[in-house]
Amino acid sequence: MSVKALNQYLEFLKIAGVQDIFIKSIPIDQEFADNDLLESKKLLLQELSEKYADCQKCELHQGRIKLVYGQGNADAKLMVIGEAPGAEENKSGQAFVGKAGQLLDRQLKAINLTREEIYIANIVKCRPPGNRDPHPVEMEACMPYLQEQIEIIQPQIFLFLGRIAAQALLNTTTSLGRLRLTAHILNGIPAYVTYHPAAVLRFSEYRKPTWEDLQKVRDQYFMLPSKQR
Ligand code: URA
């Protein structure tokens, strides 16, 4: 039974006048439990994305066609965090679907991962005009949404794409060139940093260091145990 169905059933019992419920503990089939958890995480993320669709906490809502909440596996081990939606993302409501997104897909493939296995979100969920950097007030306004996503998904590794995401999440002004050299910790979770795919498309000299960073993520990812519940 899903969490939603269980809540509805409990509500029904309450209305029917049931005051006490005695619960007999039964062994839980782990696979069923994991499936239920995945379904409730999906539902929660879906509900939140709908709740924030009309957000007006900062000026970015003025140019919004669609809020780009994030997408992927609601119970992902790896959470990838970019900067902000671009024109394509603003139109589709999906993160990383433009040229940078296509490169990201190839990068993921090169480390034996797919979009379906990971979760992708951005620091801000609406497109900054002309793709300018998001302003600190905009990032601050949007950060609670991202923190909420992190709490729901509970990833085991992060990958931050580009300076804006890395500096905002690690609360630092250190350059990306230095940040990518070590793993960091955010909310107790290891965090890797690499160049933004859009930067890699523009500057070929970023290709090699990006590949080195992705290999570190791959090695770490494939050593992870199953999620502990
Ligand atoms: N760049 C980002 O940082 N995020 C997107 O979703 C698209 C491009």
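Read the numbers this way: they start at 1 and go in the same order the structure lists the ligands and their atoms.
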Exercise answer, ligand 1 polar atom pairs (N/O) under 3.5 angstrom:
| residue | atom | partner | partner atom | Å |
| --- | --- | --- | --- | --- |
| ligand 1 | 1 (N) | Ala84 | O | 3.3 |
| ligand 1 | 1 (N) | His196 | NE2 | 3.3 |
| ligand 1 | 3 (O) | Glu83 | N | 2.8 |
| ligand 1 | 3 (O) | Ala84 | N | 3.3 |
| ligand 1 | 3 (O) | Ala84 | O | 3.4 |
| ligand 1 | 3 (O) | Asn122 | OD1 | 3.4 |
| ligand 1 | 3 (O) | His196 | NE2 | 2.8 |
| ligand 1 | 4 (N) | Ala84 | O | 3.0 |
| ligand 1 | 4 (N) | Asn122 | OD1 | 2.8 |
| ligand 1 | 4 (N) | Asn122 | ND2 | 3.4 |
| ligand 1 | 6 (O) | Phe96 | N | 2.9 |
| ligand 1 | 6 (O) | Asn122 | ND2 | 2.9 |

Leu169 and side chain to side chain contact (heavy atoms under 4.5 Å, CB included): which partner among Asn187, Leu146, Ile164? Leu146

Consider only side-chain N and O atoms of Gln46 and Tyr69, and report whether a donor and an acceptor are under 3.5 Å apart.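 No - no donor-acceptor pair under 3.5 Å links their side chains.
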
Do the side-chain N and O atoms of Gln149 and Tyr119 include a donor-acceptor pair separated by under 3.5 angstrom? yes

Ignoring hydrogens and angles, state whether a donor on the side chain of Gln30 or Asp34 is under 3.5 Å from an acceptor on the partner side chain.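 Per modelled atom types, Gln30 and Asp34 side chains form a pair under 3.5 Å.
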
Any carboxylate oxygen within less than 4.0 angstrom of a Lys/Arg side-chain nitrogen, looking at Glu212 and Lys208? yes

Would you call Arg132 and Glu138 a salt bridge, taking side-chain N to carboxylate O under 4.0 Å as the test? yes

